4 protein chains.
Amino acid sequence: MTDGSNGIGAGNLQVFIERIERLEEEKKAIAEDIKDVYAEAKGAGFDPKIIKKVVSIRKMDVHKREEEEALLELYLSSLGMLADTPLGQAAVSRTFG
Amino acid sequence: MTDGSNGIGAGNLQVFIERIERLEEEKKAIAEDIKDVYAEAKGAGFDPKIIKKVVSIRKMDVHKREEEEALLELYLSSLGMLADTPLGQAAVSRTFG
Amino acid sequence: MTDGSNGIGAGNLQVFIERIERLEEEKKAIAEDIKDVYAEAKGAGFDPKIIKKVVSIRKMDVHKREEEEALLELYLSSLGMLADTPLGQAAVSRTFG
Amino acid sequence: MTDGSNGIGAGNLQVFIERIERLEEEKKAIAEDIKDVYAEAKGAGFDPKIIKKVVSIRKMDVHKREEEEALLELYLSSLGMLADTPLGQAAVSRTFG
DNA sequence: CACTGGAAAATGCCGC
DNA sequence: GCGGCATTTTCCAGTG
């Protein structure tokens, strides 16, 4: 109580808000970077719309892959082969890599 | 065509796509960080809903301020044509009144 | 099934769709009216861009006010739990300060 | 200049803005009506998403029809058969009706 | 687990 | 005709 705080951490609200705002700015900056890349690709003669479609298709593939990995981990853990261990992870990445 | 390219710059396309995917991963990671901060704030006894609204109101403040500045700039440019006319002056005073 | 219906209420579907289409036509007509007003204002010597910005700023004012009221309501409901604690009071004063 | 106005109609800016705001409110009200209809249709067991798709498909058809009508009008006017007259319009609607 | 509200993406429109 | 902007639509997390 000698540090000027109110002793219950309520002032942290301000801190939380600032952290969030900072992160949202970063997020926004990255979104702008993405737009820039699309613009650059367009300048190089690629249709942004098509690129976007390609990206989304690849994302779906990744998603599917993630589901499969999750399923494998489930199996492994059911079998007592802990996927949370480096060994288990190695098994997973070896299978899907 | 002896350089291994396929004539449509597919190699560059690949590069663009990978840059986009990398940026989207970063964006996603930040979004998760934001979620974490909300969770942490909740753990500290703050209502995430309230925090979210505070953040959005503060964002609106900023946005509103930017809009007002943009409006002022519009006026300044318009006033190049209008400053000497009663119409222009009336428009300005009417809008800000 | 002796009533002539097909069992899925398709007749009602038709009615819903027509209502929607009718309303969308009205909406479109109003959008055109708005455009007309802008054109008319322009003809009277006002810069449509400025008008649009003024309108949007005024709209933000309204929206901001609504958000603030919603936030206050959130506080009031939260204060049912928090009003007697320093934490709750600090959160409120911190947010509005 | 005895009516209290400034004599150049500048005060009309206020009027224009209010007209626009009034129209935008109407537009918003209709948008809400549309939402209500979707909700009502959903309550009757129809999937709003599907309805939306049906509406958009029908809209596309209408759009195409409008293009065809515009083309016909162009032809008619080229032929001296004025599409802007009731007679010309009747010819168009007879063709597409 | 369906619903509501809000963020993000896509589309269409306007001015240059 | 293109880029930027506003609107609209879609998606998703949070909530009851």
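Please read all numbers here as calculations on a predicted model, not as lab measurements. A, B, ... follow the sequence lines: proteins, then strands. Residue 1 opens every chain.
Here B:Glu68 contributes atom CD and B:His63 contributes atom NE2; the two are 10.5 Å apart, rounded to the nearest 0.5 Å. Distance check, rounded to the nearest 0.5 Å: CG of A:Leu23 to NZ of A:Lys28 gives 15.0 Å. Separating the NZ atom in A:Lys59 from the CZ atom in A:Arg65 is a distance of 16.0 Å, to the nearest 0.5 Å. Rounded to the nearest 0.5 angstrom, B:Ser78 OG and B:Glu73 CD are separated by 11.5 Å.
A straight line from CD of A:Glu40 to P of F:dC2 spans 19 Å, rounded to a whole angstrom. Rounded to an integer number of Å, the gap from C:His63 NE2 to E:dG5 C1' is 11 Å. Per the geometry, CE belonging to D:Met60 stands 15 Å off P belonging to F:dT9, to the nearest Å. Rounded to an integer number of Å, the gap from CD of B:Glu32 to C1' of E:dA7 is 15 Å. The CD-P distance, from C:Glu24 to E:dG12, rounds to 14 Å in whole Å. Regarding D:Lys59, its NZ atom lies at a distance of 6 Å from the P atom of F:dT9, rounded to whole Å. Whole-Å rounding puts the D:Ile34 CD1 to F:dT7 C1' distance at 14 Å. Rounded to whole Å, the distance from CD1 on D:Ile57 to C1' on F:dT9 is 16 Å.
With sequence neighbours excluded, no residue forms a salt bridge (Lys or Arg N to Asp or Glu O under 4.0 Å) with C:Lys52.
Within the nucleic acid shown, C:Lys53 has no heavy atom closer than 4.0 Å to any nucleic acid atom.
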Every protein N/O within reach of nucleotides 11-16 of chain F N/O, cut-off under 3.5 Å:
| from | atom 1 | to | atom 2 | distance (Å) |
| --- | --- | --- | --- | --- |
| F:dC11 | OP2 | D:Lys49 | NZ | 3.4 |

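Within 6.0 Å of CZ in A:Arg58 there are more than 12 heavy atoms belonging to other residues, nucleotides or ligands.
An OP1 or OP2 oxygen of E:dA9 is reached within less than 4.0 angstrom by a side-chain nitrogen or oxygen of B:Lys27.
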